[in-house]
S.K.: 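Just dropping this structure here.
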Amino acid sequence: MEALFDTYNILTSKVQNGISLSIDQIGKFASELGWNPSYFEKPTLEDFANGHIIVEHGLENTAVLSFLNIEFEELSTIQQRLLINISYNNLVDWHIVVDRNYINYIYNRSLPGASVISRNKLDSKFNDLRSEAFDKVRGKSHLQIFHRLMMH
């Protein structure tokens, strides 16, 4: 658990202090949380993101996990849109945004635009960052989205 916490701290740190993670460390971090990492994308949004892990379930990419060095809520609307475009442009419906305190599950194909489906406080065991937690959020959100479509 300590290695998991150390990797998380580096992924969400504001100042990297020359510390960098190997692809193996990032892959191990994702695997320990039940994810099957497809690849790691280095940040192009250096101001607020430290990197992105594209994860798969079966043979298709399922979600993008982005690690921010500030709170998601502190991002401007434009910055949020730039961030969500990473999953949208990779044809991945889900974007999981992790910052120092919260995990934000975002479904980027909801109408009229991407919206936070669930925002959970991060616990010390990373329970809400595990793939099983995502499966629960994804299952609930499909019902919410279906309900919204039926109401229009």
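Heavy-atom basis, side chains included; hydrogens, waters and symmetry copies ignored. None of these values were measured; they are calculated from a predicted model.
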S.K.: Would a hydrophobic clustering, with Ile, Leu, Val, Met, Phe, Trp and Tyr connected at side-chain separations under 4.5 Å, put Ile117 with Leu65?
M.R.: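 As far as the 4.5 Å side-chain criterion goes, Leu65 and Ile117 are connected within one cluster.
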
S.K.: Would you call Arg119 and Glu71 a salt bridge, taking side-chain N to carboxylate O under 4.0 Å as the test?
M.R.: yes

S.K.: Restricting to non-hydrogen atoms, name the atom on Ser31 and the atom on Pro37 that form the minimum distance, rounded to 0.1 Å.
M.R.: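 Smallest interatomic distance, heavy atoms only, reads OG-CD, 3.7 Å.
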
S.K.: Nearest 0.5 angstrom please: Asn50 CG to Ile70 CD1, how far?
M.R.: 10.5 Å

S.K.: Would you mind reporting whether Leu75 and Leu68 have side-chain heavy atoms less than 4.5 Å apart?
M.R.: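 Side-chain contact under 4.5 Å: yes.
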
S.K.: With clusters defined by side-chain heavy atoms of hydrophobic residues (ILVMFWY) lying less than 4.5 Å apart, directly or transitively, does Phe40 cluster with Phe29?
M.R.: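 Same cluster.
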
S.K.: Do Asn104 and Asp99 have side-chain heavy atoms sitting under 4.5 Å apart?
M.R.: yes

S.K.: Roughly how far, to the nearest 0.5 Å, is the CZ atom of Arg130 from the CD atom of Glu32?
M.R.: 8.5 Å

S.K.: Within this structure, what is the CZ-CG distance for the pair Arg81 and Asn108, rounded to the nearest 0.5 Å?
M.R.: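 CG of Asn108 is found 8.0 Å from CZ of Arg81.
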
S.K.: Nearest 0.5 Å, what's the OG1-CD distance between Thr77 and Gln79?
M.R.: 9.5 Å

S.K.: Within a strict 4.5 Å, meaning less than it, do heavy atoms of the Asn90 and Glu41 side chains meet?
M.R.: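 When only atoms from C-beta onward are counted, Glu41 and Asn90 do touch, with a gap below 4.5 Å.
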
S.K.: Quick check: do Phe48 and Asn69 have side-chain heavy atoms less than 4.5 Å from each other?
M.R.: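 With C-beta onward as the side chain, the pair touches.
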
S.K.: Atom CG in Asn127, atom CG in Asn120: separation rounded to 0.5 Å?
M.R.: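 With rounding to 0.5 Å, CG (Asn127) is 10.5 Å from CG (Asn120).
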
S.K.: Between Asn36 and Thr62, is there a side-chain heavy-atom distance shorter than 4.5 Å?
M.R.: no

S.K.: Following the transitive rule for hydrophobic clusters with a side-chain heavy-atom cut-off under 4.5 Å over Ile, Leu, Val, Met, Phe, Trp and Tyr, establish whether Tyr107 and Tyr102 coincide in one cluster.
M.R.: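 No: no chain of side-chain contacts under 4.5 Å links Tyr107 to Tyr102.
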
S.K.: A side-chain contact here means heavy atoms from C-beta on lying under 4.5 Å apart; do Trp35 and Ile53 qualify?
M.R.: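 Of all side-chain heavy-atom pairs linking Ile53 with Trp35, none is under 4.5 Å.
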
S.K.: What residues, two or more places apart in sequence or in another chain, satisfy side-chain contact (heavy atoms from CB on, under 4.5 Å) together with Leu122?
M.R.: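 Leu122 satisfies side-chain contact (heavy atoms from CB on, under 4.5 Å) with Tyr8, Ile103, Phe126 once adjacent residues are dropped.
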
S.K.: Atom OH in Tyr105, atom CH2 in Trp94: separation rounded to 0.5 Å?
M.R.: 9.5 Å

S.K.: Does OH in Tyr88 sit with more than 12 non-hydrogen atoms of other residues, nucleotides or ligands closer than 6.0 Å?
M.R.: no

S.K.: Going through the distances and angles, do Leu83 and Phe72 end up as a side chain to side chain contact (heavy atoms under 4.5 Å, CB included)?
M.R.: CA-CA 10 Å; Leu83 182 65; Phe72 178 71; 4.1 Å; yes

S.K.: Which atoms form the tightest heavy-atom contact between Gly34 and Ser131, and what is the distance?
M.R.: O-OG, 3.0 Å

